[in-house]
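Report on the following structure.
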Amino acid sequence: MPAPLSHRRSSKLATFHFGAAYYPEHWDAATRKDDARNMAKAGFNVVRLAEFAWDRMEPQEGKFDFSFFDKAIATLAKEGVQTLLCTPTAAPPRWLTLKHPEVLRIDVNLVPQQHGSRQHACTTHPLFRAYSQKITRAMAAHFKNNPHVVGWQTDNELHCHFSECHCASCQTEFAAFLQERYHGSIDKLNRAWGNAFWALTYTDFTHIQTPRNQKPTHANPAHQLDYYRFLSFAVTRFQHEQVELLRAANPVWFIFHNGLFGHIDYRGQFTKDLDLLGVDNYPFFDLDPVNRNRSQSFNFDRARAWSGNFIVPELQSGPGGQAPYFHDTPEPGEVRRMAYNAVARGADSVMFFRWRTCRFGAEEYWCGIIDHDNVLRRRYAEVKQLGAELKRLGPEVLGTSVHVDAAVATSDQIVNDSHSTYSFGLPGPTAMAETVHGWFFDNGFATGCVHPADDLTGLKLYILPHWAWFDPAWVKNLGKYVAAGGTLVVGARTATRTMENNITAATIPGVLRKLCGLVVDEYGRQNNPAARPLRITLKDTSVLSNLWYEVLKPDKGTQVLARWSGRHLTGKPAITARKFGKGRVVYVGTYLTKEACAALLPSLVSLSGLAPAWPGTPAGVQVVRRVSQEKTLWFFINMADRDAVIKKMPEGIDLVTNKKTAGACTLAPNSVAVIKTVAGTI
Ligand SMILES: [Zn+2]
C-alpha cells in the first residue's frame with residue numbers, strides 16, 4: 001500500500017535521477033552519440049524520451065515502429081544513462097485527426113481546435129481514449145523487458161494552456177458524470193444547483209450543457225463548479241487508463257506526471273495512481289529577480305502540499321522563449337542554485353528542460369543546457385558541477401522529508417475553482433497563500449504549505465487564508481491541531497460557501513463558528529479604500545485594510561486582539577483570539593495582504609512561539625531542513641547578489657564540499673552549503 005498523500009511523504013525512489021528532457025528525433029546519429037558521452041560526463045543517470053514522438057512510433061495507424069527509440073535507448077545506455085519514457089498522447093499524429101476530426105477539442109466559444117501544435121485532442125472523447133490506450137499498450141509491450149527503461153511519464157502537462165472542452169463527447173460525458181454524482185436524481189441536482197433561479201430547472205440529465213460563462217451572462221456557480229469537477233474526473237480517467245496498462249506490463253516501473261495545472265485534483269485519484277507527482281519549474285516566468293526566488297520556493301512548497309516529495313521532470317536551464325516573449329538568461333550559478341532549491345524543498349530527482357535548444361519548431365527559443373550551435377558553454381559546465389555534487393548528495397536526500405514550522409493552507413482544487421466562479425475581483429486562495437508564504441520566507445522561518453486535511457502535527461503556526469469554499473470534514477482535524485497546542489489563524493471570508501458552491505445558511509464563519517468563537521456581524525468589499533480608509537490597530541502597529549472588512553462579534557471567552565478605526569467601524573472588533581485546548585484560534589477580519597502580513601504577523605508569531613529556522617542567518621539566505629529519524633540535512637542557499645556571512649553553522653559535513661563545518665561560513669552569491677548532521681546534534 002502506498003503511503004497516504006501528505007506533505008511529509010517521501011518518495012519510494014531508490015535512485016536520485018539526474019538528467020534532462022531529450023529529443024533524439026531532432027538530431028542526427030553522430031550528434032546523438034556525442035550527446036550520450038557528454039551526458040555521462042555531466043553526471044546524468046537518466047533522460048526523458050519520446051514525449052512528442054507519436055508520429056515516429058506509429059507513422060501509420062496500427063503500424064508500430066519503435067526501432068528508432070530502441071537504438072537511442074541503447075546508445076544512451078552504453079554511457080550509463082537510463083531512460084524514462086513518456087506516453088506521447090499530448091501530440092496525436094495527423095493521420096488520427098484527419099480520420100477523426102471529432103476528437104479535436106472545442107473551446108468555450110465553440111471553436112474547434114486545429115491540428116498544428118499540441119494538446120488538440122479531447123481526453124474525454126472515447127475514440128481518443130481508445131487511441132491513447134492503443135499506443136500505450138504497444139509501447140508498454142515493446143519496452144517492458146528493456147532493462148534501460150526505468151519509469152514513465154504520462155502524457156505531458158495535462159491542462160496546460162487551457163483545460164476546458166465543449167465538444168459533443170464532453171456534453172454526453174458531463175451528463176453521465178452528473179447522473180452518477182446525483183445518484184440518477186435530477187431533482188437532487190436541481191436542488192443542489194439552486195435551479196429555481198433564472199428558470200434553470202432541468203427534467204433530464206441529457207438536457208444539461210457544459211457551462212459557458214458570460215454567454216450571454218454569468219453562469220450558475222454551482223453548475224460551473226461541477227463542470228470543473230468533471231474536468232478533473234475526466235482527465236484522471238484518461239491518465240488512469242494509461243497507468244493501468246503500464247503497471248500491468250511492468251510493475252517495477254515508477255510512474256509520474258509533469259504538471260501542475262488547473263482543474264486537476266492532485267490530492268485525489270489523479271495522484272494516487274502515480275508513484276509521485278512531477279513538477280515542471282520555470283522560475284524565470286517571474287520577471288522580478290528577487291521575487292523569483294520566493295515564488296520558486298512557494299511553487300515547490302505548494303507542490304509538496306499536494307502529495308509530498310516530487311520529481312522535477314523539467315527545470316529551466318536557460319532563457320525560455322515563445323513567440324511573444326523571451327526570458328532573462330540565468331546568470332552564472334543561477335541554474336545550479338535553482339536546482340538546489342528544488343532539492344531542499346522536496347525534489348527527489350531533478351531533470352532539466354532540455355538537453356539542447358532545438359533549431360526549429362514552436363519552441364525553438366526554449367533554451368536548453370546547450371545552445372543551438374552545440375558548443376558546450378558555461379551552463380553545461382554548471383550542470384556538470386551539479387552532477388558531480390549530486391552523486392554525493394542525491395542518495396542522502398532520499399527517504400527524508402522537509403521540516404516545516406509555519407505553514408499556509410493551499411493546494412486544493414475545489415477551493416481555487418470555487419473562487420474562480422465568484423471572485424468579487426479579490427485575489428484567489430493560491431495568490432493569498434503565496435503572499436503569506438512570502439512573508440514567512442523573507443523573515444527566515446521554516447515555511448511550507450499544508451492542506452487542512454493533512455497531518456498538522458508539529459506546526460507552530462498554521463494560516464488558513466480566505467477559503468470561501470470549505471469542507472466541514474476538515475474542522476475536526478483543525479480542532480485536533482489546536483487542542484494539541486497549535487496556533488491557527490483563520491482569514492476573512494473562510495467557510496462562507498457550501499460543498500455545492502452555494503452560500504451557507506449559517507452565520508459566518510459557519511462550520512468554524514465554535515472553533516473561532518465568534519460570528520461576523522457585517523462584511524464589505526473595499527473598492528475605494530483611499531476614499532474611505534479603514535484601519536486595524538494591533539498593539540502598537542496599525543495597517544490599512546484595502547480589500548475587505550469584517551466586523552466581528554466575539555462569543556463569551558473570545559478575546560479581542562485588535563479593533564477597527566474609520567467610518568462606522570470605529571471601535572469594533574477586527575481580530576480575535578480564542579483559547580481552544582492547549583492552543584488558540586485567531587480570526588482576522590480582513591485580507592492578509594502584503595501590508596497586513598507585515599503589520600499583523602509579527603504579533604501572531606510571538607503568540608505561537610515560532611522561531612527562525614536558523615537564528616543569525618542574514619537576509620537573502622534561505623535555510624531549509626530535510627529530515628529523517630537518522631539525520632538532518634541543512635540547506636543554506638544564498639539568493640542575494642552579495643556575500644553572506646553565517647556566524648555559526650551546524651556542526652557536520654558539508655555535502656557540497658565534503659568538508660567538516662567549523663564555525664562561521666561565507667557564502668558567495670548563488671552558493672550553497674548542505675550540512676549533514678546526525679539525529680540529536682546540530
Ligand atoms: Zn471534449
Side-chain angles (χ1 to χ4, degrees), residues 52 54 61 87-136 154-182 189 193 202 204-215 219-220 222-244 257 259-266 268-270 273 413-414 417 420-421:
F52 296 114
W54 193 340
E61 181 170 0
T87 57
T89 39
R94 186 57 176 143
W95 57 256
L96 197 163
T97 55
L98 269 176
K99 187 175 173 189
H100 294 294
E102 65 272 32
V103 305
L104 293 169
R105 295 161 85 190
I106 293 184
D107 73 11
V108 71
N109 300 310
L110 300 186
V111 175
Q113 305 304 287
Q114 301 301 317
H115 196 99
S117 60
R118 67 177 196 187
Q119 289 164 326
H120 39 287
C122 174
T123 53
T124 305
H125 203 292
L127 256 176
F128 185 61
R129 285 165 54 203
Y131 278 108
S132 148
Q133 289 170 59
K134 211 166 142 196
I135 182 71
T136 303
T154 55
D155 201 273
N156 171 70
E157 297 188 342
L158 288 160
H159 285 189
C160 175
H161 303 297
F162 80 111
S163 47
E164 296 194 10
C165 182
H166 300 271
C167 73
S169 167
C170 280
Q171 307 309 316
T172 314
E173 296 287 325
F174 184 43
F177 169 80
L178 293 171
Q179 186 134 10
E180 175 93 16
R181 182 169 173 76
Y182 293 99
L189 176 140
W193 285 10
Y202 294 100
D204 194 290
F205 284 98
T206 60
H207 299 168
I208 302 169
Q209 295 176 302
T210 54
R212 311 207 180 134
N213 208 6
Q214 306 290 358
K215 306 217 171 295
N220 179 350
H223 182 179
Q224 191 80 44
L225 187 64
D226 269 351
Y227 175 61
Y228 293 150
R229 285 178 167 123
F230 162 71
L231 292 177
S232 181
F233 157 81
V235 81
T236 297
R237 179 178 59 182
F238 177 78
Q239 177 184 257
H240 182 82
E241 289 163 351
Q242 296 189 351
V243 171
E244 275 196 319
H257 176 69
L260 308 160
F261 295 94
H263 309 313
I264 298 180
D265 181 9
Y266 295 107
Q269 193 58 42
F270 186 93
D273 280 340
Q413 181 218 346
I414 300 292
D417 282 349
S420 72
T421 67

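Remember, it's 1-based here, ligands and their atoms both numbered in the order they're listed.
- By the salt bridge (charged side-chain N to carboxylate O under 4.0 Å, His left out) test, Arg181 pairs with Asp226, sequence neighbours left out.
- Both tests hold for Arg105 against Phe162: distance to the six-membered ring centre under 6.0 Å, angle to the ring axis within 45°.
- Looking at Ser169 and Phe128, their side chains never come closer than 4.5 Å, going by heavy atoms from C-beta outward.
- Within the structure, every pair that satisfies the salt bridge (Lys or Arg N to Asp or Glu O under 4.0 Å) test and touches residues 90-104, not counting sequence neighbours, is listed here: Glu61-Lys99.
- Using modelled atom types, one finds a donor on one side chain and an acceptor on the other under 3.5 Å when comparing Thr87 with Gln242.
- For the salt bridge (charged side-chain N to carboxylate O under 4.0 Å, His left out) test, no residue two or more places apart in sequence or in another chain qualifies with Asp417.
- Counting only distances under 2.8 Å, and ignoring water, the protein N, O or S atoms around the Zn ion (ligand 1) are Cys122 SG, Cys165 SG, Cys167 SG, Cys170 SG.
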